[in-house]
Number of protein chains: 2
Amino acid sequence: MLPTTSDKTIGRLSLYRRLLQGFQADGVRYIYSHQLAGLAGVTPAQVRRDIMALGYAGSPARGYHVEELLESIGHFLDDSGAQPVGLVGLGNLGRALLAYMSGRGSRYSVVAAFDSDPMKTGRVIHGCRCHAVDAMKQVLEDEGIRMAILAVPTEVAQDSAARLCEMGVTGILNFAPVRLWVPEHVYVEDIDLTTALERVAYHARRRATMKESVK
Amino acid sequence: MLPTTSDKTIGRLSLYRRLLQGFQADGVRYIYSHQLAGLAGVTPAQVRRDIMALGYAGSPARGYHVEELLESIGHFLDDSGAQPVGLVGLGNLGRALLAYMSGRGSRYSVVAAFDSDPMKTGRVIHGCRCHAVDAMKQVLEDEGIRMAILAVPTEVAQDSAARLCEMGVTGILNFAPVRLWVPEHVYVEDIDLTTALERVAYHARRRATMKESVK
DNA sequence: AACTTGCTGTGAATTTATTCACAGTGTGAC
DNA sequence: GTCACACTGTGAATAAATTCACAGCAAGTT
């Protein structure tokens, strides 16, 4: 097994990449760990550790060469280049995600959407064709889709996930607030808006009272 | 300082609550840690540890009393009951979040939205009045808003966040893919869709190849 | 009433993630 | 050249999160 890299590191590398792209656009050629750290909100040591995972090394005198570092991160995270993404569920959230994704020139583009509502199928929304759920197998194969965004109601999330897995999908970004049970070789990342909001509420309340009591 | 509870625990408690509500609706009165753990996708020991933070204790013979446990979690997470939320940014994402939030009978409801586009202000969307950004101070005060969802373009996120902080907001749910710099007493939770998707892509690719190489 | 069972609560061990701290080094100043 | 500097890469220390493992106990069973 390859030296396994933690999830958190993956996430931060993705963040560093975006920051670096900004620097590159501004014509910056070299950068130090503490500069990246400042923008990313982490410690310089953390940045260096994360970059270690890439196998890329900077120069003690100049720091990291922006372009080379970007290339390293790209190689590490993507390798194969742009990947097609499937979207299941075209409710409010699904449509918004579609709009959001099509807006920014991301390296991942949603090439096919699915919904059980016949009113929605056949149409093209934000440049993406919407198919019936029955057509899923065929479309996934044709487009070579290996990752999917799941934005369906909670009740059908497990079902949809199982179906996706059967059809060869190995990565799912799940917005339904349930834990999905999938085969071991499938990766699920959950984004739970309710939980996120509750966490904010908890801290917001706590901070609000803290602020007063400190005085 | 109170014995500080980790962010992760907060998140899981929120998840347990939703699961427990399901049990309660089904008329279940007592529940064991391993049952919750199974649904939540964590270990039983983890569940017990998390519940320790509440100060609530179950019975060795029957497990946890669903209703009492729910009450404990509620007391711990919310206490003050429903809280009003402000939403800044009514682009695709903002509108979708609004629809999403108004749909489910959450304990947090978006009572005011803000956008800089005069075309959008004054209207009522999904039962929520949309105000001009200039009116923010007044509206936040009137409604007693202490937490906000930030769904504006990346470029203006920092600005908007700073403004919110000035006006007494102590919790922000940030969808812009940048690290926000805010006063110490303000809590920020980031939801970065791009990073999330890249993480899925990374693992999806990895799993896909792993699956083959295991064979 | 004594015994069995399978749970909870929690100290201790372990694993994972982060930070410290410093040897080693390329660069620019003199 | 030689020196001083400010950085990187990384082993070791620390901190945080999770899991183990077991004492103690309420309820059912004989």
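Just so it is clear: chains get the letters A, B, ... in the order the sequence lines come, proteins before strands, and each one is counted from 1.
One can place CZ of A:Arg62 at 14 Å from C1' of C:dT25, the figure rounded to the nearest angstrom. One can place OH of B:Tyr32 at 13 Å from P of C:dG9, the figure rounded to the nearest angstrom. Atom NE2 in B:His65 sits about 17 Å away from atom P in D:dA26, given to the nearest Å. Atom OH of B:Tyr64 and atom P of C:dC7 are 12 Å apart (whole Å). To the nearest angstrom, C1' of C:dC20 lies 10 Å from CZ of A:Arg48. Between B:Asp7 atom CG and D:dA16 atom P there is a gap of 13 Å when expressed in whole angstrom units. Atoms NE2 (A:His34) and C1' (D:dT8) sit 12 Å apart, rounded to a whole Å. For the pair B:Ile51 CD1 and C:dG9 P, the computed distance is 7 Å after rounding to whole Å.
Closest approach to the B:Ala61 side chain among D:dA27, D:dA17, C:dG26 is made by D:dA27 (side chain taken as heavy atoms from C-beta onward). Checking D:dC7, C:dG9, C:dT8 against the side-chain heavy atoms of B:Ser33 singles out C:dT8 as nearest. Which of D:dA27, D:dA17, C:dG24 sits closest to the side chain of A:Pro60 comes down to C:dG24.
Using a 4.0 Å cut-off between a side-chain N of Lys or Arg and a carboxylate O of Asp or Glu, B:Asp7 and B:Arg12 do not qualify as a salt bridge.
Put simply, A:Thr43 has a side-chain N or O that comes within less than 4.0 Å of OP1 or OP2 on C:dT19. Checking the phosphate oxygens (OP1, OP2) of D:dA17, no side-chain nitrogen or oxygen of B:Gln46 falls inside 4.0 Å. For B:Ser59 and D:dA26, the shortest distance from a side-chain N or O to OP1 or OP2 is not below 4.0 Å.
Taking all atoms of both residues into account, the shortest heavy-atom contact from A:Val111 to A:Pro84 is CG2-CB, 3.7 Å. Contact detail for A:Asp78 and B:Arg205: the closest heavy-atom pair is O-NE, 3.0 Å.
Judged by closest nucleotide on DNA chain C, B:Ile31 is the one of B:Ile31 and A:Val42 placed further toward the 5' end.
The base of C:dT19 sits with one of its N or O atoms less than 3.5 Å from a complementary donor or acceptor on the side chain of A:Arg49.
Under a cutoff of 6.0 Å and an axis angle of 45°, B:Arg207 and A:Tyr187 do not form a cation-pi pair.
Among the atoms of the strands shown, none is found under 4.0 Å from any heavy atom of A:Thr9.
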Begin from the C-alpha positions of B:Glu198 and A:Arg107 and carry the test salt bridge (Lys or Arg N to Asp or Glu O under 4.0 Å) through to its verdict.
CA-CA 9 Å; B:Glu198 296 205 337; A:Arg107 102 194 59 242; 3.5 Å; yes
